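Residues: numbered from 1 along the sequence shown. Remember, predicted model here, so these are calculated numbers, not experimental data.
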Amino acid sequence: MKITVLGATGQTGQYLVNQALQQGHTVTAIVRNPGKLAVHHDNLKVVEADIFSADSLKTHFKGQDVIMSCLGFPASIFSAVTGYTLSMNAMINAMREARVNRIITMTSWYTEPNSGAQSSYLIRFLLLPMIRSVLTNMYEMEQFLQKTDDISWTVVRPPGLKNLPASGKKFLTHEGYFVPDSSGNPAGSAVGRGDVARFMLSLLNSNAWVKKGVAITTK
C-alpha cells in the first residue's frame, strides 16, 4: 500500500516507518526536520510539510491509500495542549481534498476524564495529572473524529510506551479507554513502541476497528 506517516521521526513513528517498509509498503514520511529520520530506502520518500496546514499536507496525501499518524505533543502545565486537534483538523481537510479515506492514529489509555478511576494509585494521582493536558487534547481529537462521518478513522490507544522493538506477543484489545482484566481492572501498564506500530499496520488488512477507538496491550 501507499502510506503517508506523520510523526515519522518520533520514537513510535520510526518503528512504524521501518516495519511498513519491511512489509513492502511505499512510505511518504512527513517531517519537520528530514535530518532526524535515519532510514534510507528505495520505497521511502521524506518530505517537509506543515502538519497544521491542510494546503501543505494535501499535495503529499494525493494518491495515498492510508494516512497514519504517530504525532505527539508535549504536556504543558501552564497552557492547554492543542496540537492533536489542530493537526487532525488539517489532516482531515487535506484528506478530503486529496480523496483519501483511511486514517489510523494513536492516542493513549485514559483519554476520557473518568476512565482512570480504576487505575493504580500511582497512575491515578501522580502520572495522569502530569499528562492531563495531553490526554484532554487527545480526547478532544477523538471526539472530533467521532463526528467525522465521511472518513474511515481508527484510534489506537496504547498504555505506557517502552522503547522496545516489535515482539511476537498476542494483542489484547478492548473498545474503550483501557484494556480490562477479568476483574475489570486495567490489564498491564506498558507496551513496546514496536508493538504499537505492529498493531497499527495490522489494521491495513482489516475493517475490525473502523470508526472506533481501540485500547490495546500485549499478553
Side-chain angles (χ1 to χ4, degrees), residues 1-75 83-84 86-88 90-92 94-95 98 100-108 134 138 141 152-171 190-206 209 214 216-218:
M1 286 196 186
K2 292 180 179 165
I3 303 172
T4 292
V5 179
L6 291 94
T9 56
Q11 291 175 307
T12 308
Q14 294 195 44
Y15 281 114
L16 186 70
V17 168
N18 276 307
Q19 288 178 34
L21 292 167
Q22 283 162 13
Q23 290 176 19
H25 300 295
T26 304
V27 178
T28 300
I30 293 183
V31 299
R32 277 178 302 227
N33 180 354
K36 272 186 158 179
L37 195 61
V39 192
H40 299 282
H41 196 282
D42 289 348
N43 288 342
L44 173 67
K45 185 165 89 172
V46 181
V47 297
E48 279 180 85
D50 177 358
I51 56 172
F52 301 117
S53 158
D55 278 349
S56 178
L57 292 172
K58 70 181 181 193
T59 15
H60 306 299
F61 283 11
K62 282 197 178 106
Q64 299 294 298
D65 296 308
V66 60
I67 310 301
M68 302 184 89
S69 173
C70 297
L71 289 170
F73 300 92
Y84 293 97
L86 291 176
S87 61
M88 184 55 71
M91 281 185 261
I92 294 294
M95 286 171 70
V100 181
N101 184 255
R102 184 84 174 103
I103 182 163
I104 299 164
T105 189
M106 175 180 119
T107 59
S108 169
V134 164
M138 284 178 166
M141 179 183 84
S152 296
W153 54 269
T154 301
V155 171
V156 175
R157 301 183 180 117
L161 296 169
K162 294 184 285 198
N163 217 6
L164 294 171
S167 70
K169 291 177 186 169
K170 273 195 163 170
F171 288 108
V191 294
R193 293 176 186 276
D195 280 328
V196 179
R198 176 168 68 100
F199 184 83
M200 289 175 78
L201 286 165
S202 77
L203 297 173
L204 297 178
N205 310 314
S206 153
W209 299 103
V214 53
I216 67 164
T217 188
T218 45

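Nearest approach of A54 to A94, heavy atoms of both residues: O-CB, 3.6 Å. Shortest non-hydrogen contact noted between Q14 and T9 is NE2-O, 2.9 Å. Taking all atoms of both residues into account, the shortest heavy-atom contact from G7 to C70 is O-CB, 4.1 Å. Nearest heavy atom pair, residue V156 against residue P158, reads O-CD, 3.3 Å.
From L201, atom CG reaches atom CD of Q22 across 10.0 Å, with rounding to the nearest 0.5 Å. We find the CG-OG distance between L86 and S53 to be 12.0 Å, quoted to the nearest 0.5 Å. Rounded to the nearest 0.5 angstrom, K62 NZ and L57 CG are separated by 11.5 Å. Rounded to the nearest 0.5 Å, atoms OG1 (T12) and CE (M106) are 4.0 Å apart. One finds the OG atom of S69 at 14.5 Å from the CH2 atom of W153 (value rounded to the nearest 0.5 Å). T105 OG1 to L6 CG: the interatomic distance, rounded to the nearest 0.5 Å, is 8.5 Å.
Listed by chain and residue number, F171 satisfy the ring-ring contact (aromatic ring centres under 6.0 Å, His included) test with F199 (two or more places apart in sequence, or in another chain). Judged as a side-chain hydrogen bond (donor to acceptor under 3.5 Å, both in side chains), and not counting sequence neighbours, the contacts of Q64 are T4. The ring-ring contact (aromatic ring centres under 6.0 Å, His included) check on Y15 picks up nothing, with sequence neighbours excluded. Remark: S167 pairs with D195 by the side-chain hydrogen bond (donor to acceptor under 3.5 Å, both in side chains) rule, at least two apart or across chains. With sequence neighbours left out, the side chain to side chain contact (heavy atoms under 4.5 Å, CB included) criterion links Q11 to N163, R193. With sequence neighbours excluded, no residue forms a side-chain hydrogen bond (donor to acceptor under 3.5 Å, both in side chains) with D65. Checked against side-chain hydrogen bond (donor to acceptor under 3.5 Å, both in side chains), T154 has the following partners two or more places apart in sequence or in another chain: R102.
The list of salt bridge (Lys or Arg N to Asp or Glu O under 4.0 Å) pairs with a residue in residues 34-46, not counting sequence neighbours, is empty. Residue pairs meeting the salt bridge (Lys or Arg N to Asp or Glu O under 4.0 Å) criterion with at least one member in residues 153-164, sequence neighbours excluded, are E142-R157. Sorted by first and then second residue, the pairs that involve residues 46-57 and meet salt bridge (Lys or Arg N to Asp or Glu O under 4.0 Å), not counting sequence neighbours, are D55-K58.
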Determine, stepwise, if the pair L204 / I3 fulfils side chain to side chain contact (heavy atoms under 4.5 Å, CB included). CA-CA 10 Å; L204 297 178; I3 303 172; 3.7 Å; yes

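Classified by interplanar angle (parallel below 30°, tilted 30° to 60°, perpendicular above 60°), the ring pair Y84/F73 is perpendicular.
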For residues 24-33, which side-chain N or O atoms pair as donor and acceptor with protein atoms under 3.5 Å away, sequence neighbours left out?
{"from": "H25", "atom 1": "ND1", "to": "M1", "atom 2": "N", "distance (Å)": "3.0"}
{"from": "H25", "atom 1": "NE2", "to": "Q23", "atom 2": "OE1", "distance (Å)": "3.4"}
{"from": "N33", "atom 1": "OD1", "to": "G35", "atom 2": "N", "distance (Å)": "3.1"}

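At a threshold of 4.5 Å between non-hydrogen side-chain atoms, the residues L71 and M88 do not count as touching. Using a 4.5 Å heavy-atom cutoff, the side chains of L44 and L37 are in contact.
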